[in-house]
Student: 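Okay, here's the structure, questions in a sec.
Chain letters run A, B, ... following the sequence lines, proteins first and then strands; every chain starts at 1. Note that these values count all heavy atoms, side chains included, but never hydrogens, waters or copies made by symmetry. It should be emphasised that the depicted structure is a prediction, and the values quoted were computed from it without experimental measurement.
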There are 2 protein chains.
Amino acid sequence: MQVTKTLDYAVRSLTYIGHEPIVKHSMKEISEHQHIPLNYLAKIMRRLVKKGIVRSMVGPYGGYTLRKAPGDISLRDIYEAIEGEIRIVDCMDGNGICQLHEACPQLPVWDRVQLSMVKILEETTLEQMLSDRGIRGFTRVN
Amino acid sequence: MQVTKTLDYAVRSLTYIGHEPIVKHSMKEISEHQHIPLNYLAKIMRRLVKKGIVRSMVGPYGGYTLRKAPGDISLRDIYEAIEGEIRIVDCMDGNGICQLHEACPQLPVWDRVQLSMVKILEETTLEQMLSDRGIRGFTRVN
DNA sequence: CTCTTTATGGATATCATGTATCCAGAATAT
DNA sequence: ATATTCTGGATACATGATATCCATAAAGAG
Ligand code: SF4
Ligand code: SF4
């Protein structure tokens with residue numbers, strides 16, 4: 001139940017690019033500024049390209065740029081590009097579906113959690129994240 | 001970003017016990033009815049005991065029973081007994097805190113997600129889950 | 001007291017997956 | 001032609017979830 005480093009890297013990269021959406025940014029540049037292992041970043045960028053979130057140009061002065069407006073890229077898009085379809089429980093046994101599936105007491109709760117999470121991710125665009133930038137001091141109220 | 005099998009097992013066990021909260025249920029019994037590996041279940045029960053969620057009695061006719069009323073056991077309690085403190089991002093580098101921590105664009109979002117999740121987990125008690133039992137047909141609306 | 005049942009604790013093995021690295025090759029600007 | 005940068009595949013490494021084993025202690029039944 002955690003945000004993977006990979007997803008974190010992806011968001012870092014996109015916010016970095018989104019800061020100057022027109023300019024091309026090379027992996028090397030992103031890697032250095034955002035402290036992401038270069039070769040690993042390559043893998044991440046590939047997924048973002050495939051999902052149509054960024055555009056890539058190879059060759060000198062090549063790099064990445066956003067493919068859509070920051071306001072049209074939701075955190076959900078990013079999440080799914082990296083992790084695939086959101087599913088916080090996979091009700092699978094070795095054989096297939098869990099036998100308790102039909103009348104499972106906890107499934108409804110997890111469903112609620114997932115829905116609320118998806119809602120937030122969907123509402124949050126890259127643009128929003130960028131404008132939150134620099135805001136500090138929210139408190140982790142556990 | 002997934003519910004671990006371990007947590008799933010824990011909730012299964014507790015709903016099972018909670019169905020007859022007074023009666024003692026042995027690990028063997030729980031293991032069989034809920035399809036949980038016996039020896040692994042032992043580990044799980046230990047954590048629940050330590051957190052005061054269940055009471056254990058050893059010896060013949062021993063087993064487990066709830067220590068609190070089902071209405072007083074929240075899913076959050078269970079979650080934390082199994083997984084420890086809830087923290088969906090750990091902003092740690094190799095060296096320590098992530099350098100971007102001060103002005104991170106994504107931290108606020110994850111915080112919102114976590115808060116909403118904690119809220120739901122907190123509101124949901126074992127009692128509620130038990131009364132949901134048998135309810136079917138919620139739809140996964142991704 | 002003895003026997004059986006059941007939980008406890010620690011050690012260890014297994015497996016999955018997230019994370020990272022390497023490299024050969026293709027594209028492209030100069 | 002050359003240097004740059006992305007691409008794709010293979011592979012290594014680390015971590016944590018999952019599972020198993022066993023020796024021991026507690027406690028009820030006779
Ligand atoms: S017990 Fe409920 S939640 Fe867990 S796997 Fe089976 S159906 Fe899914
Ligand atoms: S980038 Fe933001 S979210 Fe990711 S680790 Fe650093 S501070 Fe935490």
Student: If only side-chain N and O atoms of A:R46 are considered, is one of them under 4.0 Å from the OP1 or OP2 phosphate oxygen of D:dC6?
Tutor: no
Student: What residues, two or more places apart in sequence or in another chain, satisfy side-chain contact (heavy atoms from CB on, under 4.5 Å) together with B:E29?
Tutor: B:Y16, B:H25, B:S26, B:H33
Student: Under a 4.5 Å side-chain heavy-atom rule over Ile, Leu, Val, Met, Phe, Trp and Tyr, are A:V89 and B:M117 clustered together?
Tutor: yes
Student: Answer yes or no: is there a side-chain heavy-atom contact under 4.5 Å between B:T4 and A:M1?
Tutor: no
Student: Under 4.0 Å from a heavy atom of chain A: give me the 5'-most and 3'-most nucleotides of DNA chain C that qualify.
Tutor: C:dT19 to C:dA29
Student: I need the B:E122 CD to B:L115 CG distance, nearest 0.5 Å.
Tutor: 10.5 Å
Student: Between A:R55 (CZ) and D:dT5 (C1'), how many Å, whole number?
Tutor: 17 Å
Student: Just to verify, what does A:D72 make a side-chain contact (heavy atoms from CB on, under 4.5 Å) with, not counting sequence neighbours?
Tutor: A:K68, A:A69
Student: Evaluate side chain to side chain donor-acceptor pair (under 3.5 Å) for B:S31 paired with B:Y40, printing each intermediate quantity in order.
Tutor: CA-CA 9 Å; B:S31 161; B:Y40 193 47; over 6 Å; no
Student: Show me, pair by pair, the donor-acceptor contacts under 3.5 angstrom made by side chains of residues 43-64 of chain A, not counting sequence neighbours?
Tutor:
unit_1	atom_1	unit_2	atom_2	d
A:R47	NH1	A:I82	O	2.6

Student: Side-chain heavy atoms under 4.5 angstrom apart, residues restricted to Ile, Leu, Val, Met, Phe, Trp, Tyr: same cluster for B:L100 and A:L130?
Tutor: no
Student: Each nucleotide in nucleotides 18-30 of chain D should get exactly one letter: B, S or -. Can you fill that in based on protein heavy atoms under 4.0 Å?
Tutor: BBBB----BBB--
Student: With each end axis built from five pairs of C1' atoms, what bend angle do you get for the helix from C:dC1-D:dG30 to C:dT30-D:dA1? Round to 10°.
Tutor: 10°
Student: Quick one: is D:dT5 close enough that its OP1 or OP2 comes under 4.0 Å of any side-chain N or O from A:S56?
Tutor: no
Student: Do A:W110 and A:Q114 come close enough that some side-chain heavy atom pair is under 4.5 Å?
Tutor: no
Student: Please name the residue in the list B:D8, B:T124, B:T15 that meets the side chain to side chain donor-acceptor pair (under 3.5 Å) test with A:Q106.
Tutor: B:D8
